[in-house]
Amino acid sequence: FEEALNAEKERKKGKLKNKHVSWPSILFYSEVTKFTKQIDRYLKIFPKKQIKFIIFDDLKAKTPEIYKELLEFLEVDPGFQPEFKIVHGSKKERFKIPFKPFLKNFATTHFSRKTTFYIAKILKLINTKHVKRPKLKEKTKLKLMKTHKEEVEKLSKLLNRNLVELWGYNKIKQ
C-alpha cells in the first residue's frame with residue numbers, strides 16, 4: 001500500500017504505468033478521496049433530498065439498519081432481509097504458480113473459450129486463501145490523516161456529520 005501511495009507522483013507524470021489499469025487516474029489516490037468535490041457535482045444537478053449519503057463505517061457496524069434506511073429512502077418494501085456476508089475480503093495466492101501460460105498454451109488450444117474460462121475460475125478459487133488484511137503502518141496512517149484532514153473537515157460540514165471525531169482526526173496535530 002505504501003509503495004502504491006509513493007508511486008502516485010510518478011504516475012501523475014505518466015510514468016510507472018500499470019498494464020492492468022485502463023484508466024490511470026483511478027490510481028491517483030489523493031484525487032479519488034476528494035469526496036466533497038465529487039458530492040458538490042451531484043448536488044449541483046440533483047436536489048439533496050434525492051441523494052442518500054451512507055458512511056461506510058455505519059454500513060459496516062450496523063448493516064441491517066442502514067440497509068433498511070436505504071430501502072425506505074428508495075421507497076421500496078423494507079421487509080426483505082437478505083443474508084449479509086463478506087464476499088470479497090482480503091485474499092492471497094496460496095502458491096506462485098504461473099497458471100496463465102498453461103491456460104494460454106494448453107487450455108485454449110484444447111478446450112472451448114467457455115471451458116477455459118471455467119478452468120481459470122476453478123484454478124483461481126483453489127489457489128486463493130482468505131487472509132486478515134494487514135494493519136496500516138502508524139506512520140502511513142498519520143501521514144494520510146494529516147494530508148486529508150482539511151478534506152474530512154469539509155466533508156463533515158457538507159454532510160452535517162462530525163467525521164473529524166468519528167475517524168479520529170481531532171486527535172492529530174497539523
Side-chain angles (χ1 to χ4, degrees), residues 1 4-5 8 11 18 20-94 99 103 111-136 140-141 144-172:
F1 181 68
L5 286 174
E8 185 178 9
R11 285 188 178 125
N18 184 327
H20 302 291
V21 177
S22 55
W23 189 19
S25 62
I26 198 77
L27 300 175
F28 302 166
Y29 305 113
S30 58
E31 299 299 318
V32 173
T33 58
K34 292 182 179 173
F35 293 111
T36 50
K37 190 174 160 183
Q38 297 173 41
I39 291 170
D40 275 336
R41 284 194 295 244
Y42 276 89
L43 291 172
K44 286 178 181 161
I45 298 170
F46 304 103
K48 199 168 186 173
K49 68 179 184 167
Q50 289 183 349
I51 302 174
K52 172 84 174 154
F53 297 105
I54 298 173
I55 305 298
F56 180 72
D57 302 65
D58 296 338
L59 181 62
K60 192 174 173 185
K62 44 187 184 171
T63 307
E65 294 92 333
I66 298 299
Y67 172 78
K68 185 177 184 217
E69 277 181 30
L70 180 59
L71 293 179
E72 289 169 351
F73 173 78
L74 295 171
E75 298 178 355
V76 296
D77 179 17
F80 175 71
Q81 183 78 19
E83 178 186 345
F84 299 107
K85 60 182 179 179
I86 296 171
V87 176
H88 296 285
S90 292
K91 298 173 187 172
K92 189 175 184 178
E93 288 179 325
R94 290 179 195 274
F99 289 119
L103 292 168
F111 302 109
S112 69
R113 188 176 184 172
K114 186 177 179 181
T115 303
T116 302
F117 178 78
Y118 182 71
I119 292 169
K121 197 173 178 178
I122 296 296
L123 289 173
K124 187 174 183 177
L125 184 68
I126 291 169
N127 196 38
T128 300
K129 65 178 177 178
H130 290 270
V131 294
K132 190 174 180 183
R133 181 171 288 158
K135 197 165 171 81
L136 187 62
T140 305
K141 181 179 177 181
L144 287 170
M145 289 179 81
K146 285 180 178 181
T147 304
H148 293 87
K149 186 174 183 180
E150 186 180 328
E151 177 64 22
V152 173
E153 290 169 343
K154 288 180 190 175
L155 190 59
S156 290
K157 287 178 187 163
L158 185 64
L159 300 181
N160 197 27
R161 173 98 185 259
N162 191 348
L163 301 173
V164 171
E165 189 174 318
L166 177 68
W167 295 334
Y169 281 80
N170 56 337
K171 296 174 186 162
I172 65 162

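Below, all heavy atoms of this structure are taken into account, side chains as well, without hydrogens, waters or symmetry copies. Numbers here simply count residues along the sequence, with the first being 1.
Remark: Glu69 CD to Phe73 CZ distance equals 11.0 Å, nearest 0.5 Å. Interatomic distance, CD1 of Ile66 versus NZ of Lys60, reported as 14.5 Å (0.5 Å rounding). Atom OG1 of Thr115 sits about 11.5 Å away from atom CD1 of Ile122, to the nearest 0.5 Å. Gln38 CD to Asp40 CG: the interatomic distance, rounded to the nearest 0.5 Å, is 10.5 Å. How far CD of Glu65 is from CG of Leu59: 10.5 Å, rounded to the nearest 0.5 Å.
Judged by distance alone, the side chain of Glu151 and the main-chain N or O of Thr36 form a donor-acceptor pair under 3.5 Å. Panel note: side chain Thr128, backbone Glu93; no donor-acceptor pair is recorded below 3.5 Å.
Taking a 6.0 Å sphere around CZ of Phe117, one finds it holds 12 or fewer heavy atoms contributed by other residues, nucleotides or ligands. Summarising the local packing, CZ of Phe53 is surrounded by more than 12 heavy atoms from other residues, nucleotides or ligands at distances under 6.0 Å. Atom CD of Glu75 has 12 or fewer heavy atoms from other residues, nucleotides or ligands within 6.0 Å. Around atom CZ of Arg113, no more than 12 heavy atoms belonging to other residues, nucleotides or ligands sit under 6.0 Å away. More than 12 heavy atoms of other residues, nucleotides or ligands sit less than 6.0 Å from atom NZ of Lys48. Annotation: Phe28, atom CZ; neighbour count of heavy atoms from other residues, nucleotides and ligands within 6.0 Å is above 12.
You'll find the side chain of Phe1 reaches within 4.5 Å of the side chain of Leu144, heavy atoms only. No side-chain heavy atom of Lys154 sits less than 4.5 Å from a side-chain heavy atom of Lys37. Contact of the Asp57 side chain with the Leu163 side chain is not registered, since no non-hydrogen atoms from C-beta on lie closer than 4.5 Å. Side-chain atoms of Tyr67 and Pro82, non-hydrogen and from C-beta on, do get closer than 4.5 Å to each other. Here the side chains of Ile39 and Leu155 are in contact, with some heavy-atom distance below 4.5 Å. Inter-residue side-chain proximity for Thr33 and Thr147 is flagged as unmet; no heavy-atom pair is nearer than 4.5 Å. No side-chain heavy atom of Asn170 sits under 4.5 Å from any side-chain heavy atom of Asn162.
One finds a salt bridge joining Glu31 and Lys34 here, because a Lys/Arg side-chain nitrogen approaches an Asp/Glu carboxylate oxygen to under 4.0 Å. With respect to the salt-bridge test (charged N to carboxylate O, under 4.0 angstrom), the residues Glu72 and Lys68 qualify.
Between Tyr29 and Arg11, the closest heavy-atom pair is CE1-NH1, 3.8 Å. Shown here for Arg161 and Ile55, the closest heavy-atom pair between the two residues is NH1-CG1, 3.4 Å. Shortest non-hydrogen contact noted between Val164 and Glu153 is CG2-CG, 3.7 Å. In this structure, His148 and Ser30 approach most closely via the heavy-atom pair NE2-CA, 4.2 Å. Here the closest heavy-atom approach between residue Val32 and residue Ile26 is recorded as CG2-O, 3.7 Å.
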